[in-house]
Q: 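After the structure tokens below, expect a handful of questions from me.
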Amino acid sequence: MKNKIISLIKKALQTCVQKELLPAVNLSYIEVEIPGTPSHGDYATNVALILASPSQQNPRKIAEIIQANLIDAEKIIEKTQIAGPGFLNFFIKDDIWRKSLQNIEKQKEKYGLINIGGGKKVQVEFVSANPTGPLHIGHARGAVVGDVITNLLTAAGYKVSKEYYINDAGNQMNNLGKSVLLRYRELLGEKIEFPETCYRGDYIKEIAGDIIKKEGNKYLTAIKEEETIRYFTSFAGRIILDEIMKDLMDFGVIFDEYFSEKKLYDNNGVTKLLESLKKKGFVYSDGETLWFKTTAFDDEKDRVVIRKNGEPTYFAADIAYHQNKFSRGFETIIDIWGADHHGYMPRLFAGIQALGHDKNSLKIILVQLVNLLRDGTPVAMSTRLGEFVTLREVLDEVGKDAARYNFLMRRSDSHLDFDLELAKRQVSENPVYYVQYAHARICSILNMARERGISLPRYADIETALLNEPEEKVLIKLMARFPEIIEGAAKTLEPHRIAFYLNELAGVFHSYYNRNKVISENGTLTAARLLLVKTIGIVLLNALKILGVSAPEKM
RNA sequence: GCGCCUGUAGCUCAGCUGGAUAGAGCAACGGACUUCUAAUCCGUGGGCCGAGAGUUCGAAUCCCUCCAGGCGCACCA
């Protein structure tokens, strides 16, 4: 609908220019917005205000000229008006709005899907926690944002792949193996000293116990400690990664691909890439270490890729990783990071540009950190110290739907205090139930109709003009705008817009429900309202699906 | 010190890439179940949009300067 209005205005402007009523001004786009107050119409444009200064005319005068040259070929406009400083307001005919119900009925679960993506391949990489411990509440936020951005882009016509990058090659993993080995010795009666760099969580002891159960004490006498640590690392990493995957699955997040950092080192992949960058002049040696010239692309200093001790840095592997992503044919890659990594951005952008990729082909979404509280007092979170609230605990105590919605009600860059006690107390008043309840109510109405032997009407059979209550009109317009909401959310990568839309739609429905009977003595009115309610159910379901939140039929 | 994010009702947050009279939810108060589900609805109160200056027809939104909080500033990941 919005696009129709835009093209109407475009055509009118062209005619005006041809008739030399207005000078030819190159507008990058026509802004059409939905006014806040209904008396300002369904859509409004400010083009006249924009054109005022270049054409040196009164904006209201310009609006009049445009208005006079509008050609409403499809006869969708009830009226237009000029208001305020020079807005041109459009009122769409009620009948045209009502026809959108037919669309919803016809497209059902596909209603809302659009094709701005044109099947382009996009990759979204998120969570990517190294498997040194269970996922905690901070990871949960990133997981939901990544998952829903994927759903949004899919709904918008992109071909999207979800990927988890397993950082299984660095120091942290080595510390994990060391930690398990120490606990292993401890469990077998040795006295140990536990260094600060090691992981203290109880799960470490459990894993050590597993190894004892499985293989006894044979590693006590092993001579090559390095080899033992390597083995313990991979043993523990595998167990922890399994747990992570299970937690994520119960959180509704399933990845298409798990990519191991180690794989990048196969066939000297990282070294070869650095060699080729050296030839291009982006990598240089100072005799001891190898540097990447990120300052060539606006980073504040150059970065080390091969350390003095000969080991490649995380950054070196990451360049190789992103090169790998592009080589798999993704046109756009989206990385979702915790905001504490923001300082790393210029480096990575420099990296991909050195590889010859456009800066805009990489998008980095920063998800602000979650500040964990318990009854108002901050709880320090540290995987290393074993102090954290796990995703598993949140899932068990708050539930998947409520937990997901809790994160989705906020912009990604808003700082978030997560009070576990408060969250538990608020389980029953979480906005998610407000929306789900609307869906359940609708199912209940439709069931009641069936029980009374009323067959569900089809659009072709109803008298749409009976849907004339103010709330009915609002509901229809809201539903008609659902595809525009998806478009906006997908373009800006802002999942929270869907949650706010859902709250609004559910709110108007609840209000309507309390004021009007759907099933009544009046058969034709009942039919019309049943169809309306049925389509609301479809939109609620489709939107909830994008958020990965269930739509129960009973509550 | 430098960089990024944030600052909107008592609390939690929206505000559609500069629009018309700044909005929800929670909390407070007062109402509505003989009804298709009261996990709902209706009503009331509540604001110097952190502060100051600027850009223009028009600013919560853009520029600059401060203030406050968070996070970064590795040959860690």
Side-chain angles (χ1 to χ4, degrees), chain A residues 29 31 33-37 39-40 44 46 49-50 52-53 58-59 83-87 89 128-130 132 167 169-173 175 197 261 288-291 300-301 303-315 317-318 338-346 366 368-369 371 406 409-417 419 422 426 428-434 436-438 440-449 451-452 481 484-485 488-489 491-492 494 496-497 499-501 503-504 506-507 509-520 526 529-530 533 554-555:
Chain A
Y29 66 102
E31 192 173 307
E33 56 159 21
I34 299 164
T37 44
S39 65
H40 293 141
N46 63 351
L49 292 157
I50 304 279
S53 80
N58 181 318
F87 288 103
N89 297 337
S128 299
N130 54 7
T132 54
N167 302 141
N171 267 333
Q172 296 307 320
M173 289 304 286
N175 287 340
T197 50
E261 184 181 352
E288 292 186 306
T289 61
L290 209 57
W291 294 80
E300 54 190 18
K301 55 172 281 202
R303 308 290 173 174
V304 171
V305 278
I306 303 285
R307 289 185 269 247
K308 216 182 280 182
N309 66 8
E311 301 250 334
T313 59
Y314 178 84
F315 178 46
D318 216 18
D340 53 339
H341 289 80
H342 72 260
Y344 186 76
M345 286 172 67
L366 294 176
Q368 276 299 334
L369 303 185
N371 198 12
N406 192 29
M409 285 292 292
R410 292 163 169 88
R411 273 198 344 258
S412 307
D413 50 11
S414 74
H415 298 255
L416 166 60
D417 286 343
D419 191 314
L422 205 64
Q426 283 177 348
S428 57
E429 60 199 37
N430 191 299
V432 74
Y433 300 111
Y434 185 77
Q436 289 181 318
Y437 188 53
R441 260 187 163 166
I442 287 167
C443 293
S444 177
I445 296 169
L446 299 179
N447 277 332
M448 180 58 70
E451 275 174 33
R452 296 196 187 167
R481 283 168 182 163
E484 292 165 20
I485 301 293
K491 277 183 178 163
T492 54
E494 289 181 348
H496 74 276
R497 294 191 188 197
F500 278 88
Y501 172 78
N503 264 20
E504 191 180 358
F509 166 73
H510 281 309
S511 171
Y512 171 67
Y513 174 92
N514 273 276
R515 240 199 287 268
N516 303 91
K517 294 288 284 183
V518 173
I519 300 171
S520 66
T526 300
R529 289 184 172 173
L530 277 175
V533 159
K554 270 184 196 156
M555 285 177 78

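Below, chains carry the letters A, B, ... as their sequence lines are ordered, and counting in each starts from 1. Keep in mind the model is a prediction, meaning the values are calculated, not measured.
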Q: Taking atom C1' in both B:G18 and B:U55, what distance in whole Å separates the two?
A: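 One C1' to the other, the span is 11 Å.
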Q: For the side chain of A:His496 and the base of B:A14, is some donor closer than 3.5 Å to an acceptor across the two?
A: no
Q: Go nucleotide by nucleotide along RNA chain B from the 5' end; which of A:Ser412 and A:Tyr314 gets its closest nucleotide reached first?
A: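 Going by which nucleotide is closer to the 5' end, it is A:Ser412.
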Q: Calculate the interatomic distance between A:Gln172 atom CD and B:A74 atom P; express it in whole Å.
A: 16 Å
Q: Using atom CG of A:Asn167 as one end and atom P of B:A77 as the other, report the distance to the nearest whole Å.
A: 9 Å
Q: Just by protein heavy atoms under 4.0 Å, how would nucleotides 37-43 of chain B read 5' to 3' in B, S and -?
A: BSBBSS-
Q: Pairing of RNA chain B as dot-bracket, 5' to 3': ( ) intra-strand, [ ] crossing, | other strand, . unpaired, with Watson-Crick or G-U pairs under 3.5 Å?
A: (((((((..((((.....[...)))).(((((.......))))).....(((.(..]....).))))))))))....
Q: Could you list the residues that satisfy side-chain contact (heavy atoms from CB on, under 4.5 Å) with A:Pro346, not counting sequence neighbours?
A: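 A:Pro346: side-chain contact (heavy atoms from CB on, under 4.5 Å) contacts with A:Asp299.
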Q: Over how many whole Å does the gap from A:Leu416 atom CG to B:C11 atom P extend?
A: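 So the two atoms are 17 Å apart, to the nearest Å.
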Q: Residues in side-chain contact (heavy atoms from CB on, under 4.5 Å) with A:Met555, at least two apart?
A: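 Once residues adjacent in sequence are excluded, the partners of A:Met555 under the side-chain contact (heavy atoms from CB on, under 4.5 Å) criterion are A:Tyr433, A:Gln436, A:Tyr437, A:Ala440, A:Pro552.
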Q: Ignoring hydrogens, what is the shortest heavy-atom contact between A:Phe509 and A:Ile442? Give both atom names and the distance.
A: CZ-CG1, 3.5 Å
Q: Nearest whole Å is fine: how far is B:C36 P from A:Phe509 CZ?
A: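 Roughly 14 Å, once rounded to whole Å.
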Q: Using a cut-off of 4.0 Å on non-hydrogen atoms, how would the nucleic acid contact of A:Ile306 be classed: base, sugar-phosphate, or nothing?
A: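 Counting heavy atoms under 4.0 Å across all strands, no contact is made by A:Ile306.
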Q: Taking atom P of B:C36 as reference, at what distance in whole Å does atom NZ of A:Lys517 sit?
A: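 Rounded to whole Å, this separation is 5 Å.
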Q: Which is more 5' along RNA chain B, the nucleotide nearest A:Asn89 or the one nearest A:Met409? Just name the residue.
A: A:Met409
Q: Over how many whole Å does the gap from A:Asp417 atom CG to B:U6 atom P extend?
A: 16 Å
Q: What N/O pairs connect the protein and nucleotides 44-47 of chain B at under 3.5 Å? Give each pair on its own line.
A:
none

Q: Please classify the nucleic acid contact of A:Ala449 as base, sugar-phosphate, or nothing, using heavy-atom distances under 4.0 Å.
A: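 Here A:Ala449 touches no strand at all.
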Q: How is A:Asn130 classified with respect to the nucleic acid when contacts are heavy atoms under 4.0 Å: base, sugar-phosphate, or nothing?
A: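 Touches sugar-phosphate only.
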Q: Using the C1' atom on both, measure B:G54 against B:C66 and round to a whole Å.
A: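 After rounding to an integer number of Å, I get 14 Å for this pair.
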Q: So what does A:Pro431 hit on the nucleic acid, given a heavy-atom distance under 4.0 Å: a base, only sugar-phosphate, or nothing?
A: nothing
Q: How close or far is atom P of B:U17 from atom CD1 of A:Ile50, stated in whole angstroms?
A: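 These atoms are roughly 14 Å apart.
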Q: Heavy atoms only: give me the nearest A:Glu261-A:Asn167 pair and the separation to one decimal.
A: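 Nearest pair, atom of A:Glu261 first, then A:Asn167: OE1-CA, 3.2 Å.
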Q: Provide the distance between the two P atoms, one in B:U8 and one in B:G52, to the nearest whole Å.
A: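 B:U8 and B:G52 have their P atoms separated by 15 Å.
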Q: In terms of side-chain heavy atoms of A:Glu261, which of B:U12, B:C75, B:A77 is nearest?
A: B:A77
Q: Return yes if the base of B:G72 and the side-chain atoms of A:Asp340 contain a donor-acceptor N/O pair under 3.5 Å, otherwise no.
A: no
Q: Flag the pair A:Ile445 / A:Leu530 as yes when at least one side-chain heavy-atom distance between them is below 4.5 Å, and no otherwise.
A: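 Result yes, sub-4.5 Å side-chain heavy-atom pair found.
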Q: Report each atom pair, protein N/O against N/O of nucleotides 1-5 of chain B, whose distance is under 3.5 angstrom.
A:
unit_1	atom_1	unit_2	atom_2	d
B:G3	N2	A:His342	NE2	2.4
B:C5	O2'	A:Gln368	NE2	3.1
B:C5	O2'	A:Asp413	O	3.2
B:C5	O2	A:His415	NE2	2.9

Q: With distance as the sole test, does A:Arg497 use its side chain to make a donor-acceptor pair with the main-chain N or O of A:Ile485 at under 3.5 Å?
A: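 Side chain of A:Arg497 to backbone of A:Ile485, a donor-acceptor pair under 3.5 Å: no, none is there.
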Q: Looking across every strand, which nucleic acid part, if any, lies under 4.0 Å from A:Lys491 by heavy atom: base, sugar-phosphate, or nothing?
A: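 Counting heavy atoms under 4.0 Å across all strands, no contact is made by A:Lys491.
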Q: How many Å lie between CG on A:Asp318 and C1' on B:A77, as a whole number?
A: 10 Å
Q: For atom P, what is the distance between B:G45 and B:U12, given to the nearest Å?
A: 24 Å
Q: Quick one: label A:Glu31 by what it contacts on the DNA or RNA (base, sugar-phosphate, nothing), any heavy atom closer than 4.0 Å.
A: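 Sugar-phosphate, backbone atoms only, no base.
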Q: May I ask you to decide if A:Lys308's main-chain N or O and A:Thr289's side chain share a donor-acceptor pair within less than 3.5 Å?
A: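 Side chain of A:Thr289 to backbone of A:Lys308, a donor-acceptor pair under 3.5 Å: no, none is there.
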Q: Suppose you measure atom C1' in B:G7 against the same atom in B:U21; what distance do you get, rounded to whole Å?
A: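 To the nearest whole Å, 25 Å.
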